[in-house]
Q: 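The structure under discussion is supplied below as C-alpha cells; questions concerning it will follow.
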Amino acid sequence: GDELEAKSSKLSSCRSQPSCRSLPSMQSLTILPVWVAEVNVLEVSSSCRAFCSSDFKIQSMISLSRSARGGDLIMDESILQRLVFSPTSRYRMVWESAGLLAMLLDLLLVPLEEAFPTLWPHDTLTKIHIVTATFWTLDMCRNSLQGYYSKNVQEMRPRKTALKYFRTWFAFDALAIATDWIFITVDNRE
C-alpha cells in the first residue's frame with residue numbers, strides 16, 4: 001500500500017528528467033497473483049514514460065496462459081464462461097456421486113435382467129434404463145464444460161475445456177451412450 005504509493009510518487013515526479021525515458025514499458029511489467037485482488041495499476045505515460053497511478057482494478061483472474069503461474073485461474077469473458085464448472089466445486093462432487101449411483105445401477109441391473117428376466121416388470125426396467133441413459137447424455141454435456149488443472153493452473157476457458165474433452169473421453173462416451181440409446185430403442189420396439 002504505502003510502499004507502492006511512495007514508488008508511484010517518486011516516479012511521477014521525474015516527468016521532466018531525461019532518465020524517465022529508460023523506464024520499462026507497460027508490456028514488460030507483470031502483476032503477480034500473490035498480490036491483492038484490487039490494486040492500483042501504474043500506467044506508463046506516453047509523453048515522458050513516467051508512471052502515473054490510476055484507479056484501474058485488477059481482477060483475480062489471469063487472461064493469458066503464458067503469464068499464469070501455479071494456483072492461478074484462467075478464464076475468459078465468453079457467454080459460456082458461466083457454465084464452466086470448477087474441478088473442485090461441491091456441484092461436481094454431487095454430480096460425480098450421482099454418476100456413481102447410475103453406474104452401480106447399470107452394473108447391477110443389466111446382469112440381473114439377463115439372468116432373471118421375470119424378476120422385475122419390463123416397463124420398470126425400461127424406465128430405469130432411460131433415466132440412466134439420460135443422465136449419461138447430460139454427463140457428456142457437463143464434461144465438455146468441466147474445468148481442469150494443467151501444470152498447477154486451473155483452466156476454466158470453455159473452448160479449452162471442450163477441446164480437452166473431445167480429445168480425451170468424448171469418443172468413448174459417445175459410443176457407450178449411443179449403444180445405450182440403441183438398446184433402449186430396440187427393446188421398446190419388441
Q: When rounded to the nearest 0.5 angstrom, what is the spacing between CG in L104 and CG in L108?
A: 6.0 Å
Q: Are the side chains of E113 and H129 in touch, meaning some heavy atoms are under 4.5 Å apart?
A: yes
Q: Take W95 and L138 through the test side-chain contact (heavy atoms from CB on, under 4.5 Å) and record every step on the way to the result.
A: CA-CA 11 Å; W95 187 265; L138 293 173; 4.1 Å; yes
Q: Kindly determine whether Q154 and Y148 satisfy side-chain contact (heavy atoms from CB on, under 4.5 Å), including the steps that lead there.
A: CA-CA 6 Å; Q154 188 175 349; Y148 62 93; over 6 Å; no
Q: Mind checking whether F166 and I177 sit in one hydrophobic cluster, side chains of I, L, V, M, F, W, Y counted as touching below 4.5 Å?
A: yes
Q: Taking all non-hydrogen atoms of both residues into account, name the closest pair between G99 and W136 and its distance.
A: O-CH2, 3.4 Å
Q: I need the T168 OG1 to D173 CG distance, nearest 0.5 Å.
A: 8.5 Å
Q: How close do Q146 and P87 get, counting heavy atoms only, and between which atoms?
A: NE2-CA, 3.3 Å
Q: Would you check, one step at a time, whether the test side-chain contact (heavy atoms from CB on, under 4.5 Å) holds for N143 with F170?
A: CA-CA 9 Å; N143 282 334; F170 175 76; over 6 Å; no
Q: Does S89 use its side chain to pair, donor to acceptor, with the backbone of R92 at less than 3.5 Å?
A: yes
Q: Would you compute the distance between atom CG of L125 and atom CD1 of I130 and round it to the nearest 0.5 angstrom?
A: 11.0 Å
Q: Between atom CG of D123 and atom CD1 of I128, what is the distance when rounded to the nearest 0.5 Å?
A: 11.5 Å
Q: How many angstroms lie between CG in L145 and CE in M156, if you round to the nearest 0.5 Å?
A: 10.0 Å
Q: Counting only heavy atoms not in I79 (residues, nucleotides, ligands), do more than 12 fall under 6.0 Å from its CD1?
A: no
Q: Mark yes or no for whether D139, through its side chain, and F135, through its backbone, hold a donor-acceptor pair below 3.5 Å.
A: no
Q: May I have the step-by-step check of side-chain contact (heavy atoms from CB on, under 4.5 Å) for D187 and H122, ending in yes or no?
A: CA-CA 10 Å; D187 193 37; H122 182 72; 2.9 Å; yes
Q: Using the rule that Ile, Leu, Val, Met, Phe, Trp and Tyr join whenever any side-chain heavy atoms are under 4.5 Å apart, tell me whether V186 and L109 fall into a single cluster.
A: no
Q: Is there a path of hydrophobic side-chain contacts, each under 4.5 Å between heavy atoms of I/L/V/M/F/W/Y residues, joining L83 to M75?
A: yes
Q: In terms of the angle between their ring planes, are Y91 and F85 parallel, tilted or perpendicular, with boundaries placed at 30° and 60°?
A: parallel
Q: Looking at side-chain heavy atoms only, is the closest gap between Y149 and T88 below 4.5 Å?
A: yes
Q: Minimum heavy-atom separation for S144 and T161, please, with both atom names.
A: O-OG1, 3.2 Å
Q: Group every Ile, Leu, Val, Met, Phe, Trp and Tyr by side-chain heavy-atom contacts under 4.5 Å, then state whether M103 and M140 land in the same group.
A: yes
Q: Identify the two heavy atoms, one from I184 and one from A133, that lie closest to each other, and give their separation to 0.1 Å.
A: CD1-CB, 3.7 Å
Q: Is a side-chain N or O of E155 found less than 3.5 angstrom from the main chain of R157, in a donor-acceptor match?
A: yes
Q: Give a yes or no on whether a salt bridge exists between R142 and E96, defined as a side-chain N under 4.0 angstrom from a carboxylate O.
A: yes
Q: Do V110 and L112 belong together in a cluster built from hydrophobic side chains that touch within less than 4.5 Å?
A: no
Q: Do D180 and T132 come within less than 4.5 Å of each other through their side chains, counting heavy atoms only?
A: no
